[in-house]
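Okay, structure first, notes after.
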Protein chains: 2
Amino acid sequence: MDIISVAIVEDNHDIRQAMELLINGSEGYACIGAFNNAENALEKIPQLLPNVVLMDFNLPGMNGIECIARLKGEFPDMQFMMLTVYEDDDKIFMALEAGASGYILKKTSPGELLDAIRDLHEGGSPMSSQIARRVVAYFQKQAKPNPALEALTSREKEILDQLSKGFLYKEIAGNLFISIETVRRHVHNIYEKLHVRSRTDAVNKYFNR
Amino acid sequence: MDIISVAIVEDNHDIRQAMELLINGSEGYACIGAFNNAENALEKIPQLLPNVVLMDFNLPGMNGIECIARLKGEFPDMQFMMLTVYEDDDKIFMALEAGASGYILKKTSPGELLDAIRDLHEGGSPMSSQIARRVVAYFQKQAKPNPALEALTSREKEILDQLSKGFLYKEIAGNLFISIETVRRHVHNIYEKLHVRSRTDAVNKYFNR
DNA sequence: CTCTTTATAACATCTTGGTGTTATGACTTT
DNA sequence: AAAGTCATAACACCAAGATGTTATAAAGAG
């Protein structure tokens with residue numbers, strides 16, 4: 001069992017020191033850096049190269065999300081755990097997009113925090129099942145297609161797909177072995193059914209935007 | 001603590017019966033239906049209206065994903081837990097898109113299965129942190145923008161954003177208070193930087209497709 | 001067997017988009 | 001001070017897309 005090196009970015013002095021003590025006092029863990037703001041963390045972490053970084057959301061100056069995004073860009077293998085008091089949707093997604101792989105609440109117990117750090121280091125994404133539900137809900141939202149698309153015939157869907165890929169009318173005609181005039185006709189019908197007046201709007205509906 | 005009604009869809013007789021016994025033998029849980037294929041489940045579950053459905057992936061005939069999709073469409077409040085032996089990426093995402101909110105492996109212990117059912121019923125999304133990582137990775141993949149977009153000036157990004165929304169050149173000109181010729185110029189530069197020759201291709205790059 | 005839908009096709013016309021070329025003032029970098 | 005970048009602008013030319021109208025054969029619904 002190798003030792004997991006951890007860095008902490010947290011502006012609250014008491015919380016920071018408590019976490020540092022916890023980690024250094026536990027076998028298999030070592031806290032190799034603790035910072036009270038993102039700027040200091042960005043300067044030192046590239047030298048320390050910890051396995052795992054615990055990141056607070058609200059920091060003075062640059063916020064934790066931006067700090068993760070910058071470090072993750074330079075060190076893709078570094079693992080980031082977001083520590084926050086909120087379960088706010090936007091913040092969860094921003095953190096995940098920035099490169100955080102774990103997302104836990106500050107009220108988490110010391111033992112669970114240590115487990116989460118190890119879990120993260122070993123390739124998991126520790127998060128509460130409440131937070132997981134938010135993430136899952138995001139998938140389900142994205143998946144429902146525009147009902148207007150169902151009104152298209154299969155040939156029209158085929159044409160729309162070609163349109164979405166940026167083919168010229170004459171290329172579509174070639175690809176589907178039909179005349180360019182027929183392509184025009186289909187496109188016209190598609191526009192009518194989707195209530196749009198341009199290719200871009202049609203494609204946007206196709207991709208549900 | 002209310003009683004959670006559960007239905008099981010699982011083609012293996014032994015596993016199905018074991019789960020049924022487990023659930024009926026545990027306080028706070030009741031198994032009100034058990035089916036060996038999707039077709040039977042689709043017929044009976046609309047009458048039974050269980051709180052939670054445990055769904056196997058591989059079933060004879062219709063698979064579990066399709067079965068979830070149909071039931072979820074009719075009963076959006078019903079909760080589905082995918083039970084599988086695989087941790088395959090595609091299957092996870094297909095299950096989530098179909099409407100499953102929990103995703104656990106069949107090797108899960110009886111106690112954990114019961115906990116997961118309650119968790120699901122109470123609004124969580126029980127899944128192992130390994131599976132959560134797959135889901136999180138999907139977010140991070142989607143989020144990394146095309147580096148070519150970074151080469152665009154802020155004005156060019158603004159123009160591209162307008163293009164992506166389907167505005168005509170003259171509308172863009174009006175929106176940004178510049179001449180249509182300037183719009184042309186910017187569009188031309190954008191196309192050069194993105195190595196495309198049409199609006200649709202540029203928009204596709206903008207949305208990372 | 002008629003009515004409707006679908007896929008096919010053509011033609012005219014007008015609008016919009018894409019390309020080439022040139023230019024100017026503001027600002028930044030060297 | 002010179003060189004480069006950026007946002008602005010104009011003009012010409014041709015290609016491509018959008019609109020309106022009309023038509024026909026095949027398949028499916030009633």
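Here the structure is a predicted model, which is why all the values come from computation and not from measurement. Chain letters run A, B, ... following the sequence lines, proteins first and then strands; every chain starts at 1.
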Atom CG of L152(A) and atom C1' of dT5(C) are separated, to the nearest Å, by 14 Å
Measure centre to centre between the rings of F93(B) and F139(A), then say whether the value is under 6.0 Å.
-> yes
Which atom names give the shortest non-hydrogen contact between P126(A) and A116(A), and what distance separates them?
-> CG-O, 3.4 Å
Value in whole Å for how far the P atom of dT8(D) lies from CD of E156(B) = 10 Å
Nucleotides 21-30 of chain C: protein proximity per nucleotide (B base, S sugar-phosphate only, - neither; heavy atom, under 4.0 Å) = BB--------
Give me the residues of residues 196-203 of chain A where at least one heavy atom lies under 4.0 Å from an atom of DNA chain D, by number, or none.
-> R197(A), S198(A), R199(A)
With sequence neighbours left out, write down each residue that passes side chain to side chain donor-acceptor pair (under 3.5 Å) with Q17(B), or none if nothing qualifies.
-> none
I190(A) CD1 to dT19(D) P: how many Å, rounded?
-> 13 Å
R155(A) CZ - dA27(D) C1' separation (whole Å) = 15 Å
Closest approach of E122(B) and Q130(A), non-hydrogen atoms and distance?
-> O-NE2, 4.1 Å
Take the protein atom NE2 of H186(A) and the nucleotide atom C1' of dT8(C), then report the distance between them rounded to whole Å.
-> 7 Å
Calculate the interatomic distance between R184(B) atom CZ and dA12(D) atom C1'; express it in whole Å.
-> 10 Å
Which of residues 157-183 of chain A have a heavy atom under 4.0 Å from DNA chain D?
-> L168(A), Y169(A), K170(A)
What are the two closest non-hydrogen atoms of S125(A) and S101(A), and how far apart are they?
-> OG-O, 2.7 Å
Return all side-chain donor-acceptor pairs below 3.5 angstrom for residues 62-69 of chain B, not counting sequence neighbours, or 'none' if the list is empty.
from   : atom 1 : to     : atom 2 : distance (Å)
N63(B) : OD1    : I65(B) : N      : 3.0
N63(B) : OD1    : E66(B) : N      : 2.9
E66(B) : OE2    : R70(B) : NE     : 3.0
E66(B) : OE2    : R70(B) : NH2    : 3.4

State whether K165(A) and D161(A) are salt-bridged, where the test is any N-O pair (Lys NZ or Arg NE/NH1/NH2 against Asp/Glu carboxylate O) under 4.0 Å.
-> yes
Counting N and O atoms only, with roles assigned by atom type, does the side chain of R118(A) sit under 3.5 Å from a partner on the main chain of Y29(A), one being a donor and the other an acceptor?
-> no
Can we say R16(B) and E20(B) salt-bridge, meaning some charged N sits less than 4.0 Å from an Asp/Glu carboxylate O?
-> no
When the distance from CG of N189(A) to C1' of dG20(D) is rounded to whole Å, what number comes out?
-> 13 Å
Where is the tightest heavy-atom contact between D56(A) and L83(A), given as atom of each residue plus distance?
-> OD1-O, 3.4 Å
Are the charged groups of K106(A) and E10(A) less than 4.0 angstrom apart, N to O?
-> yes
Minimum-distance nucleotide to Y191(A) side chain [options: dG18(C), dA18(D), dT8(C)] | dA18(D)
Residue pair Y169(B) / V183(B): nearest heavy atoms and the distance that separates them | O-CG2, 4.0 Å
Determine to 10° how strongly the helix from dC1(C)-dG30(D) to dT30(C)-dA1(D) is bent, judged from the axes of its five-pair ends.
-> 50°
So, the side chain of Q140(A) versus the backbone of A100(B): is there a donor-acceptor pair under 3.5 Å, distance only?
-> yes
Do the side-chain N or O atoms of T153(B) get closer than 4.0 angstrom to the phosphate oxygens (OP1, OP2) of dT5(D)?
-> no
Where A148(B) and K193(B) come nearest, the two heavy atoms and their spacing = CB-O, 4.4 Å
